[in-house]
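Working notes, structure below.
What you see below is based on every heavy atom in this structure, not just the backbone, and it leaves out hydrogens, waters and symmetry mates. Please read all numbers here as calculations on a predicted model, not as lab measurements.
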Amino acid sequence: MNFLGKGAREIIQELDKLFPMAPRFQKVVRKTRRHDTEISRCIKYLMFGFNILFWILGFMITAIGIYAWIEKDTFDNFGRLTMRGTLFFDPALVFVLVGIFMFCIGFAGCVGSLRENTCLLLFFSFALAIIFFAQLAFGTLVFIYREKVKNESEKQLMVMIESYRDDPDLQNMIDWIQRDWLHCCGVNNYRNWESNIYFNCSSKLVGSVEACGVPASCCRAEYFHNNKQCGYGTLESSAGTHMIYTDGCLPKASQWFERHILPVAIVIAVLAVLQILGICFAQNLRNDILAQKAKWIWQAHPMMNYYRHQ
């Protein structure tokens with residue numbers, strides 16, 4: 001384009017047509033920023049510090065899950081666990097998946113903020129948005145279809161009881177729920193343990209000492225310390241049940257959530273606020289980086305001197 005014979009104001013108008021976004025960014029910079037840089041150091045290093053902790057935590061959780069898999073030879077028995085449908089309930093697998101997801105998000109937020117990489121910041125905010133809306137959708141569906149969710153949960157818990165002896169991690173988790181957390185036994189009641197082959201009364205034929213019994217985690221605390229075999233024979237029709245918990249874990253869990261609805265709601269609200277803040281900070285930092293790049297491109301143009309004097 002020929003600029004000869006034109007005044008400075010006409011030249012600026014021509015440049016505005018060639019670079020329509022640059023004057024806009026320049027005006028925003030003059031109105032909103034007092035420093036030479038457009039990038040907020042506070043947001044940048046706040047995101048870096050928070051995400052590096054998130055990154056390290058994800059790495060540690062993944063390492064713990066892989067170590068648990070190796071210790072119990074899960075890789076050698078992968079086909080057996082898949083066929084029986086118990087792989088989904090493996091706590092070590094949950095640790096691995098959660099750890100990898102946290103590691104990837106923490107890496108994107110940490111490196112993206114430190115190196116001012118807009119692609120990683122976009123991935124970080126997009127991943128947090130997916131998590132937030134997935135949690136919102138899950139909570140809504142659970143509330144709407146709570147009866148169906150309850151029935152499906154009952155089926156899955158029965159599968160966990162049937163696989164009690166197949167996975168040490170699953171066994172420890174069920175024992176912790178029954179003995180330390182909810183003080184319960186079985187899904188709906190203690191007789192659900194009849195579905196486990198080791199505790200079914202038919203196991204007497206093969207000489208199982210646990211036949212017609214329940215796990216030791218079903219025993220009440222005052223009897224468990226004195227007799228760790230207090231659950232033996234409690235499924236017999238003539239046996240007493242005063243030494244074990246008879247209430248199922250599913251109704252006890254419902255009662256626990258009803259009693260602790262306020263703390264649970266506070267925790268959920270805090271997590272939601274942190275996720276929203278993370279999305280806002282990432283987008284704000286990303287927009288600042290894009291604005292700074294646009295400013296550099298505009299300032300590097302040889303005709304910028306005409307614009308500065310207007």
Side-chain angles (χ1 to χ4, degrees), residues 68 71-74 77 80-95 142 146-261 264:
E71 282 294 308
K72 61 184 181 182
D73 296 329
T74 299
N77 302 317
R80 176 179 61 84
L81 293 174
T82 305
M83 291 179 61
R84 289 181 59 87
T86 59
L87 186 65
F88 179 76
F89 305 104
D90 188 356
L93 176 62
V94 175
F95 268 66
V142 168
R146 50 186 176 274
E147 290 299 327
K148 186 177 293 187
V149 170
K150 182 180 179 181
N151 295 333
E152 188 64 26
S153 300
E154 183 177 347
K155 294 179 183 178
Q156 300 302 329
L157 290 173
M158 288 300 299
V159 174
M160 294 174 65
I161 285 183
E162 294 172 3
S163 309
Y164 177 75
R165 291 297 191 196
D166 297 335
D167 188 343
D169 291 332
L170 179 62
Q171 177 178 326
N172 293 332
M173 185 178 70
I174 293 176
D175 288 340
W176 175 78
I177 292 174
Q178 293 189 144
R179 180 177 57 242
D180 301 320
W181 181 28
L182 296 176
H183 306 297
C184 57
C185 187
V187 179
N188 295 312
N189 54 66
Y190 73 101
R191 302 204 70 88
N192 292 136
W193 282 102
E194 292 178 345
S195 62
N196 187 286
I197 189 173
Y198 296 97
F199 298 101
N200 191 279
C201 293
S202 61
S203 299
K204 286 184 176 181
L205 300 177
V206 294
S208 174
V209 296
E210 294 180 321
C212 270
V214 295
S217 58
C218 287
C219 297
R220 297 182 181 274
E222 58 270 22
Y223 297 105
F224 176 77
H225 294 298
N226 298 327
N227 180 16
K228 294 186 178 181
Q229 298 179 349
C230 61
Y232 289 6
T234 51
L235 295 179
E236 297 279 3
S237 57
S238 59
T241 58
H242 63 282
M243 291 190 300
I244 64 171
Y245 301 111
T246 58
D247 295 331
C249 294
L250 193 59
K252 293 283 285 187
S254 300
Q255 296 173 9
W256 185 90
F257 279 107
E258 290 177 0
R259 292 195 304 267
H260 300 83
I261 186 65
V264 172

Would you mind listing every salt bridge (Lys or Arg N to Asp or Glu O under 4.0 Å) that reaches into residues 190-202, with sequence neighbours excluded? R191-E194
Not counting sequence neighbours, which residues clear side-chain contact (heavy atoms from CB on, under 4.5 Å) with S254? List them please. none
Could you give the distance from OH (Y198) to CD (E162), rounded to the nearest 0.5 Å? 12.5 Å
What heavy-atom pair brings D175 and P215 nearest, and what distance separates the two atoms? OD1-CB, 4.4 Å
What is the distance from atom CD1 of I177 to atom CG of L157, rounded to the nearest 0.5 Å? 8.0 Å
Taking side-chain contact (heavy atoms from CB on, under 4.5 Å) as the test, write out the residues that go with S153, two or more places apart. V149
Checking W256 now: which residues fulfil side-chain contact (heavy atoms from CB on, under 4.5 Å) with it, not counting sequence neighbours? W181, L182, R259, H260, V264
Of all the heavy-atom pairs spanning C218 and Q178, show the shortest one and how long it is. SG-NE2, 3.5 Å
The criterion is side-chain hydrogen bond (donor to acceptor under 3.5 Å, both in side chains); which residues satisfy it with Y232, sequence neighbours excluded? none
Closest heavy-atom pair and its distance - M160, I174: O-CD1, 3.7 Å
Salt bridge (Lys or Arg N to Asp or Glu O under 4.0 Å): which pairs involve residues 241-256, sequence neighbours left out? none
Tell me every residue that passes side-chain hydrogen bond (donor to acceptor under 3.5 Å, both in side chains) with S202, counting only those two or more places apart in sequence or in another chain. N200
Mind jotting down which residue pairs meet the salt bridge (Lys or Arg N to Asp or Glu O under 4.0 Å) criterion with at least one end in residues 195-215? Sequence neighbours excluded, please. R165-E210, K204-E236
Partner residues of Y245 under the side-chain hydrogen bond (donor to acceptor under 3.5 Å, both in side chains) criterion, sequence neighbours left out: H183
F199 versus L235, closest heavy-atom pair with distance: O-CD1, 3.6 Å
Name all residues meeting the side-chain hydrogen bond (donor to acceptor under 3.5 Å, both in side chains) criterion together with S203; count only those two or more places apart in sequence or in a different chain, and write none if there are none. none
Heavy-atom closest contact (I244 atom, G231 atom, distance): CG2-CA, 4.3 Å
Looking at every non-hydrogen atom in both residues, tell me the closest pair between C230 and M243 and how far apart they are. O-CE, 3.6 Å
Between N188 and G248 (side chain of the first, backbone of the second, donor and acceptor by atom type, cut-off under 3.5 Å), is there such a pair? no
Under 2.5 Å between SG of C249 and C185: no
Distance from E154 atom CD to L250 atom CG, nearest 0.5 Å? 6.5 Å
Is a side-chain donor or acceptor of N151 paired with a backbone partner of K148 at a separation under 3.5 angstrom? no
